[in-house]
A.B. asks: 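Quick one: this structure, given as structure tokens, is what I'll be asking you about.
Computed from heavy atoms alone, side chains included, the values below leave out hydrogens, waters and symmetry copies. First the proteins, then the strands, lettered A, B, ... as listed; each starts at 1.
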Amino acid sequence: MPTAPYRAMPIPVAAGIGLRSPHYREITETRPPVSWLEVHAENFFGEGGPDIAWLDQIRQHYPLSIHGVGLSLGSTGPLDMKHLQKLFQVINHYNPGLVSEHLSFSRAHKTHANDLLPLPYTQEAIYTIATHIIETQSALGRRILVENVSSYLEFPISTMPEWAFVGEVIEAADCHLLLDVNNLYVNSVNHHFDATTYLEHLPMNRIREIHLAGHTQTSTGLIDTHSDKVCNEVWELYAKTLDLAGNHPTLIEWDADIPPLSVLLSEASKAGTCLEKHHAITR
Amino acid sequence: MQSLAEWQASFIEKLLADPSTLPAGIKNNKKTQARFAIYQNTVLANQRNALQISYPVVSALVGENCFKSIALAYSRLYPSNSGNLYGFGKHFPEFIHHHPISSELVYLADVAKLEWLFHELRFAADPSEARLDSLAQIPAHELPTMRFKFQTTVRLFHSKFPVGHIWEMHQNNSIIQTVNLNDGPAWLILQRVGGKHSILEITEEAWLFTEALSRSLTLGQAFDLALAKHPEFNLASHLALLGTHHILSGYTRKTT
């Protein structure tokens with residue numbers, strides 16, 4: 001994958017959508033008025049082919065954020081250098097406005113779960129993931145954002161609440177935060193904590209992006225499925241986040257049961273209205 | 001106290017193993033088992049989806065439930081070893097070959113092999129500009145020692161079953177309604193053209209010739225192999241076919 005001469009396009013403080021393959025053609029042909037797009041890095045790890053060809057066209061017209069899902073920053077042992085190298089190539093090719101990964105682990109030794117698994121909130125986990133974030137930033141030659149993940153389990157070995165863990169990692173690694181408000185809401189319900197307290201303890205000056213998505217309610221708890229519209233409670237928490245953190249680029253994520261593009265655009269427009277309202281209030 | 005490395009190894013081992021056991025170090029309450037199962041289900045669903053994307057025809061042939069069960073068994077035997085699921089289904093054709101379903105659907109493993117080649121083609125480097133224009137000017141005595149280069153978007157495949165027809169039958173707008181298993185064998189060139197997959201079916205001798213060229217044998221050696229199979233093999237028309245369909249990207253001449 002060669003270096004392409006895409007001009008730098010910073011991610012605006014506005015609403016974007018996750019770009020997924022069912023919408024490649026429509027976005028290319030109709031160029032909807034969405035402020036920016038985000039893709040999963042691993043979908044473009046190939047040497048060539050249709051996915052890259054579509055994104056090559058789309059990237060010419062939209063600011064792009066690249067969101068990795070497979071680097072497993074929280075795993076002990078060395079980082080997967082082949083994966084990091086591929087990530088570097090994709091970033092080098094598309095010249096994205098933002099690059100992000102997750103505060104989670106997916107791998108033990110060489111076995112991958114291919115899921116974003118929660119870490120115990122311990123000093124050892126902080127050291128492990130912060131070291132890997134620093135290595136990643138050094139390899140990519142740029143600062144990255146890391147995202148708080150949804151979780152369904154609690155670990156007795158944790159020595160601090162999630163917000164303290166997130167804050168300490170970000171300060172230790174000197175990276176930025178991608179705050180997923182849906183994940184925060186899911187965790188607050190599943191683990192019975194106050195989402196506002198969580199927000200109040202985050203290093204607000206480190207936030208560079210916000211994610212919004214839909215989840216699924218079950219008798220077991222809330223599951224972060226990315227398969228529905230953003231619910232009212234998450235919209236309320238989003239408004240509270242903007243109150244505390246100010247406006248930030250906000251992304252609508254939808255990964256399962258992907259609806260027509262118009263539904264995503266309508267959700268993005270709703271997020272855009274929140275941003276404008278908040279901007280008007282704080283001016 | 002467990003180290004983080006031990007804790008993670010135990011977590012992932014239990015995640016991929018028997019659903020009824022929990023890893024150590026989880027706060028246990030009445031919902032814990034069900035919540036751990038959310039992760040187990042997500043992991044298996046992600047891996048099954050990756051197989052489904054790579055093997056849509058195999059999936060259609062065996063049906064949703066059977067595919068689910070085969071995918072589960074495959075995930076247990078071949079755990080993922082990458083953060084990118086692109087290569088996850090690599091061993092699936094071999095797995096299908098040894099699976100009891102292959103005694104019933106004898107062609108299934110070959111359909112899987114064909115689909116994996118197409119999966120590879122989906123991510124292969126884009127084809128280069130073919131450099132064959134000056135082929136006609138090469139002196140006749142040099143022709144037998146020439147070697148050809150193939151486009152990155154081409155794979156060769158042979159099966160004793162008519163797997164090309166089976167694959168075609170499962171594509172949108174296919175005109176093939178039924179496949180007779182006696183219509184095999186299949187001698188195929190698989191290609192990615194303009195982002196889509198296509199199959200070129202050729203004769204056995206043409207395939208042997210093409211396959212020899214793809215192994216970097218000389219034109220003379222490849223021609224001999226084709227002639228041994230069919231004495232009337234038409235070299236010029238087959239080379240023209242490979243050129244027309246953009247199978248070849250260039251050639252090298254013996255310079256000494």
Side-chain angles (χ1 to χ4, degrees), chain A residues 1 41-54 68-72 74-77 80 82-83 86-87 105-120 122 124-125 127-129 150-158 190-191 218-221 223-225 256, chain B residues 1-13 15-16 22-47 49-50 53 75 79-88 120-127 152-153 192 194-197:
Chain A
M1 189 185 261
E42 287 75 6
N43 291 340
F44 304 91
F45 274 15
E47 298 296 321
D51 297 272
I52 291 169
W54 282 116
V69 296
L71 191 54
S72 193
S75 287
T76 57
D80 179 343
K82 273 190 192 164
H83 198 100
K86 279 282 178 192
L87 183 62
F105 81 105
S106 309
R107 170 175 55 85
H109 304 300
K110 289 192 172 169
T111 304
H112 261 272
N114 303 112
D115 193 15
L116 303 167
L117 304 171
L119 288 159
T122 62
E124 188 185 4
Y127 176 79
T128 300
I129 197 162
S150 55
S151 106
Y152 316 122
L153 298 169
E154 289 176 81
F155 311 121
I157 54 170
S158 290
N190 286 346
H191 306 314
T218 71
S219 58
T220 309
I223 308 180
D224 178 30
T225 48
Chain B
M1 192 179 143
Q2 262 186 327
S3 69
L4 184 62
E6 290 165 337
W7 184 90
Q8 290 181 342
S10 159
F11 194 97
I12 289 203
E13 185 195 335
L15 201 59
L16 303 175
L22 284 172
I26 295 185
K27 189 173 167 186
N28 209 339
N29 59 38
K30 60 184 180 183
K31 286 186 175 173
T32 304
Q33 186 74 58
R35 287 195 175 178
F36 188 64
I38 297 171
Y39 289 109
Q40 292 176 308
N41 293 338
T42 306
V43 169
L44 293 174
N46 288 346
Q47 296 183 345
N49 286 344
I53 289 166
S75 285
S80 169
N81 60 10
S82 169
N84 178 12
L85 280 167
Y86 157 78
F88 179 63
E120 286 181 344
L121 285 181
R122 180 174 174 184
F123 301 100
D126 294 334
T152 48
T153 44
R192 187 183 89 212
K196 294 196 170 143
H197 294 146

A.B. asks: With only heavy atoms counted, which part of A:Phe105 is less than 4.5 Å from chain B, the side chain, the backbone, both or neither?
C.D. replies: side chain
A.B. asks: Measure the shortest side-chain to side-chain distance between A:Ser158 and B:Lys27 over non-hydrogen atoms and say whether it is less than 4.5 angstrom.
C.D. replies: no
A.B. asks: Around atom CZ of A:Phe155, are there more than 12 heavy atoms of other residues, nucleotides or ligands at under 6.0 Å?
C.D. replies: yes
A.B. asks: Looking at A:Ala41, A:Gly48, A:Ser75, which has the largest count of heavy-atom pairs under 4.5 Å with chain B?
C.D. replies: A:Gly48
A.B. asks: Show your working on side-chain contact (heavy atoms from CB on, under 4.5 Å) between B:Ile38 and A:Leu153 and close with a plain yes or no.
C.D. replies: CA-CA 10 Å; B:Ile38 297 171; A:Leu153 298 169; over 6 Å; no
A.B. asks: Among A:Asp51, A:Leu119, A:Asp80, who wins on heavy-atom pairs under 4.5 Å with chain B?
C.D. replies: A:Asp51
A.B. asks: Heavy-atom distances under 4.5 Å only: say whether A:Asn190 touches chain B with side chain, backbone, both or neither.
C.D. replies: both
A.B. asks: Once rounded to the nearest 0.5 Å, what's the spacing between atom CZ of B:Phe123 and atom CD1 of A:Ile52?
C.D. replies: 8.5 Å
A.B. asks: Let's test your reading of the structure: which of B:Pro79, B:Pro127, B:Ala50, B:Ala34 forms the most heavy-atom pairs below 4.5 Å with chain A?
C.D. replies: B:Ala34
A.B. asks: Can you tell me which of A:Leu117, A:Ile223, A:Thr122 forms the most heavy-atom pairs within a distance under 4.5 Å of chain B?
C.D. replies: A:Leu117
A.B. asks: Report which part of B:Leu15 has an atom under 4.5 Å of a heavy atom belonging to chain A: side chain, backbone, both, or neither.
C.D. replies: side chain
A.B. asks: Please check if the side chain of B:Tyr39 supplies one atom and the backbone of A:Tyr152 the other of a donor-acceptor pair under 3.5 Å.
C.D. replies: yes
A.B. asks: Measure the spacing between CZ of B:Arg35 and NE2 of A:His191 and express it to the nearest 0.5 Å.
C.D. replies: 6.5 Å
A.B. asks: Measuring from atom CD of A:Glu42 to atom CG of B:Leu85, what distance do you get when rounded to the nearest 0.5 angstrom?
C.D. replies: 9.5 Å
A.B. asks: For the OG1 atom of A:Thr111 and the CD atom of B:Glu13, what is their distance to the nearest 0.5 Å?
C.D. replies: 9.5 Å
A.B. asks: With sequence neighbours excluded, tell me which residues meet side-chain hydrogen bond (donor to acceptor under 3.5 Å, both in side chains) with A:Ser106.
C.D. replies: none
A.B. asks: Non-hydrogen atoms of chain A under 4.5 Å away: do they reach the side chain of B:Phe11, the backbone, both or neither?
C.D. replies: side chain
A.B. asks: Is it the backbone or the side chain of B:Arg122 that comes under 4.5 Å from a heavy atom of chain A, or both, or neither?
C.D. replies: both
A.B. asks: Looking only at non-hydrogen atoms, find the nearest pair between A:Ala108 and B:Ala9 and report the distance.
C.D. replies: CB-CA, 3.6 Å
A.B. asks: Could you tell me which non-hydrogen atom of B:Gly25 sits nearest to which non-hydrogen atom of A:Pro156, and how far apart they are?
C.D. replies: O-CD, 3.4 Å
A.B. asks: Pick from A:Ser72, A:Gly68, A:Ala113: which one has the most heavy-atom pairs with chain B under 4.5 Å?
C.D. replies: A:Ala113
A.B. asks: Answer yes or no: is there a side-chain heavy-atom contact under 4.5 Å between B:Leu4 and A:Ile157?
C.D. replies: no
A.B. asks: Is it the backbone or the side chain of B:Ala124 that comes under 4.5 Å from a heavy atom of chain A, or both, or neither?
C.D. replies: backbone
A.B. asks: Please classify the contact between A:Ser150 and chain B as side chain, backbone, both or neither, with a heavy-atom cut-off of under 4.5 Å.
C.D. replies: backbone
A.B. asks: Give the member of B:Asp126, B:Thr153, B:Thr152 that has the highest number of heavy-atom pairs under 4.5 Å with chain A.
C.D. replies: B:Asp126
A.B. asks: Quick check against the 3.5 Å criterion: does B:Asn81 have a side-chain atom that pairs as donor or acceptor with the backbone of A:His112?
C.D. replies: no
A.B. asks: Of the backbone (N, CA, C, O) and the side chain (C-beta and beyond), which part of A:Ala125 lies under 4.5 Å from a heavy atom of chain B, both, or neither?
C.D. replies: both
A.B. asks: For the NE2 atom of A:His83 and the CG atom of B:Asn84, what is their distance to the nearest 0.5 Å?
C.D. replies: 6.5 Å
A.B. asks: Treating A:Asn114 as the side-chain partner and B:Thr42 as the backbone partner, does any N or O pair qualify as donor plus acceptor under 3.5 Å?
C.D. replies: no
A.B. asks: Is it the case that the side chain of B:Gln8 and the backbone of A:Thr76 share a donor-acceptor pair, with hydrogens and angles ignored and the cut-off at 3.5 Å?
C.D. replies: yes
A.B. asks: Where do A:Pro118 and B:Trp7 come nearest, in terms of heavy atoms and distance?
C.D. replies: O-CH2, 3.8 Å
